[in-house]
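Below, chains carry the letters A, B, ... as their sequence lines are ordered, and counting in each starts from 1.
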Protein chains: 2
Amino acid sequence: MAQLSDNIEQFIKELMREDAHIELRRNELAHHFGCAPSQINYVLATRFSVDHGYIIESRRGGGGYVRIVRMSTRDEPNFLDTLLNRVGNSVDEETANAIISNLNERKMITGREAALMRSAISRNALALPISAKDVLRAAVFKNMLIQAFKNLEEDERDDV
Amino acid sequence: MAQLSDNIEQFIKELMREDAHIELRRNELAHHFGCAPSQINYVLATRFSVDHGYIIESRRGGGGYVRIVRMSTRDEPNFLDTLLNRVGNSVDEETANAIISNLNERKMITGREAALMRSAISRNALALPISAKDVLRAAVFKNMLIQAFKNLEEDERDDV
DNA sequence: GTATATAATAGTCAAAGATGGTCAATGGGA
DNA sequence: TCCCATTGACCATCTTTGACTATTATATAC
């Protein structure tokens with residue numbers, strides 16, 4: 001007997017034949033297959049993970065949803081996965097910056113975006129003897145704000 | 001599925017396309033959408049807060065009203081400074097996201113950049129009882145990478 | 001005219017409703 | 001036996017509602 005998970009996987013992939021991204025209701029889908037809602041999470045985790053070339057987004061509460069996005073593979077397949085593995089559990093600033101530059105050169109991110117990313121991971125943003133999550137977030141966020149404004153200035157200079 | 005709250009938000013923003021401030025009757029609007037009047041307050045609180053760049057004024061009693069005013073940056077020569085002060089040493093995700101949305105609405109950052117910023121400060125990216133700076137950076141960076149790829153997908157969708 | 005009652009608004013807040021997420025225990029087939 | 005699959009209890013998040021409260025204008029009483 002075909003596994004329930006396989007059926008759900010096929011069902012979803014069928015839905016994605018046309019569009020590279022779909023949105024669905026977890027509970028609805030679970031009901032359709034007569035299974036526990038968490039089963040859907042299992043399928044997503046095991047068959048639609050990043051290394052399978054998908055990205056999952058979701059939202060809870062009324063009007064909640066689960067969105068599945070299929071990544072383009074026109075470049076090297078699973079490029080994102082490769083990068084994520086490269087980063088692993090630990091990465092230094094230099095390595096990260098190199099990756100950012102690479103993405104920029106490939107025109108996958110704009111110069112502005114690259115700058116934003118660098119600002120978010122800079123020593124300056126992440127140092128500190130942090131303990132509270134909010135405190136850390138504030139630091140990261142401040143740096144990003146500053147960079148966003150620098151970008152603005154640059155745009156203005158270019159535009160004018 | 002478009003949420004009631006989202007619909008109300010869009011409705012209000014449509015009304016504000018021309019004018020920087022509008023006045024409305026809470027009960028009337030609630031009736032228009034067939035919802036509880038307090039629903040309007042919810043929308044205002046979650047989508048038209050000061051951090052979102054709006055100011056709400058109101059008056060009760062006969063002839064009462066709710067006025068929504070879009071703040072102008074022209075009145076804020078030091079907008080960046082204002083935001084930095086607002087963030088301070090600690091900021092929660094909700095507030096930060098509101099500010100990001102505000103910057104995006106003002107066209108100071110693109111939608112892609114806003115998404116990047118959100119990903120960098122999300123709970124997901126910053127949780128953990130971190131100790132090593134590199135570990136934390138890896139988490140933040142991973143999230144940003146994922147977001148960058150999502151953006152790529154979205155661009156393709158728009159272009160094609 | 002002033003005080004008081006009534007009507008017309010809007011605000012607050014906590015509870016209920018609507019979703020989705022996580023994780024550990026259990027099931028079942030190769 | 002081992003590993004993938006499945007479930008269910010419990011958690012997190014976002015939305016919607018309703019009861020109760022606060023404020024203001026207007027009508028009424030004196």
Side-chain angles (χ1 to χ4, degrees), chain A residues 1-12 22-52 54-69 133-134, chain B residues 1-12 22-52 54-69 92-98 101 118 121-129 143 146:
Chain A
M1 163 192 175
Q3 292 285 290
L4 171 56
S5 289
D6 294 334
N7 291 337
I8 297 175
E9 176 189 3
Q10 287 317 308
F11 183 82
I12 293 176
I22 60 169
E23 229 170 69
L24 49 84
R25 302 302 195 92
R26 188 183 75 150
N27 287 345
E28 210 173 80
L29 190 55
H31 186 261
H32 178 70
F33 282 96
C35 65
S38 56
Q39 178 69 32
I40 305 303
N41 295 81
Y42 176 75
V43 173
L44 294 178
T46 57
R47 279 110 159 135
F48 294 89
S49 61
V50 168
D51 64 331
H52 283 92
Y54 296 88
I55 294 174
I56 307 297
E57 293 174 63
S58 69
R59 185 169 182 179
R60 308 182 189 190
Y65 61 82
V66 173
R67 178 181 303 155
I68 307 174
V69 182
K133 172 169 45 174
D134 281 358
Chain B
M1 179 153 307
Q3 283 305 109
L4 172 57
S5 289
D6 295 333
N7 292 337
I8 297 174
E9 175 189 2
Q10 288 316 308
F11 183 81
I12 292 175
I22 60 170
E23 230 169 68
L24 49 83
R25 302 302 194 90
R26 188 183 75 150
N27 287 345
E28 209 173 82
L29 190 56
H31 187 261
H32 178 70
F33 282 97
C35 65
S38 56
Q39 179 71 33
I40 306 302
N41 295 81
Y42 175 75
V43 173
L44 295 178
T46 57
R47 281 115 157 128
F48 294 89
S49 69
V50 170
D51 292 316
H52 281 98
Y54 297 88
I55 292 174
I56 306 297
E57 295 167 18
S58 67
R59 187 165 183 178
R60 309 183 189 191
Y65 61 82
V66 173
R67 178 183 302 154
I68 306 174
V69 183
D92 59 46
E93 191 171 352
E94 198 184 349
T95 301
N97 280 335
S101 297
R118 288 200 193 89
I121 60 164
S122 77
R123 261 180 290 271
N124 198 350
L126 300 173
L128 317 180
N143 259 55
I146 289 173

Between A/Ser5 and A/Gln39, does any side-chain donor sit less than 3.5 Å from a side-chain acceptor? yes
I want to check one thing: is the phosphate of [N], taken as OP1 and OP2, less than 4.0 Å away from some side-chain N or O of [X]?
| X | N | result |
| --- | --- | --- |
| B/Ser5 | D/dT16 | yes |
| B/Ser58 | C/dT9 | no |
| A/Gln3 | C/dG28 | no |
| B/Asn27 | C/dA10 | yes |

By nearest atom, which of the nucleotides D/dA25, C/dT19, D/dT16 is closest to the A/Arg25 side chain? C/dT19
Tell me every residue that passes ring-ring contact (aromatic ring centres under 6.0 Å, His included) with B/Phe48, counting only those two or more places apart in sequence or in another chain.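 With sequence neighbours excluded, B/Phe48 shows a ring-ring contact (aromatic ring centres under 6.0 Å, His included) to B/Tyr54, given in chain and number order.
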Can you list the residues that meet the ring-ring contact (aromatic ring centres under 6.0 Å, His included) rule with B/Phe11, with sequence neighbours excluded?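 Expected list: B/His32, B/Phe33.
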Starting at [atom1] of [X] and ending at [atom2] of [N], how long is that distance when rounded to a whole Å?
| X | N | atom1 | atom2 | value |
| --- | --- | --- | --- | --- |
| B/Leu29 | C/dT9 | CG | P | 14 Å |
| A/Ile68 | C/dG21 | CD1 | P | 11 Å |
| B/Arg26 | D/dT16 | CZ | C1' | 13 Å |

Grab the N/O contacts between the protein and nucleotides 20-23 of chain D below 3.5 Å, and write none if there aren't any.
from   : atom 1 : to      : atom 2 : distance (Å)
D/dA22 : O4'    : B/Arg60 : NH1    : 3.0
D/dA22 : N3     : B/Arg60 : NH1    : 3.0
D/dT23 : O2     : B/Gly61 : N      : 3.3

Keeping to residues at least two apart or across chains, list the salt bridge (Lys or Arg N to Asp or Glu O under 4.0 Å) pairs with something in residues 29-39 of chain A. none
Listing request: all salt bridge (Lys or Arg N to Asp or Glu O under 4.0 Å) pairs with a residue in residues 27-45 of chain A, at least two apart in sequence or in separate chains. none
What nucleic acid atoms does B/Arg67 come within less than 4.0 Å of, heavy atoms only: base, sugar-phosphate, or nothing? nothing
How many angstroms lie between CZ in A/Arg25 and OG in A/Ser58, if you round to the nearest 0.5 Å?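 One finds 12.5 Å between CZ of A/Arg25 and OG of A/Ser58.
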Output the residues of residues 36-45 of chain B in contact with DNA chain C, where contact means a heavy atom of the residue under 4.0 Å from an atom of the strand; sort by number or write none.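 Output list: B/Ser38, B/Asn41.
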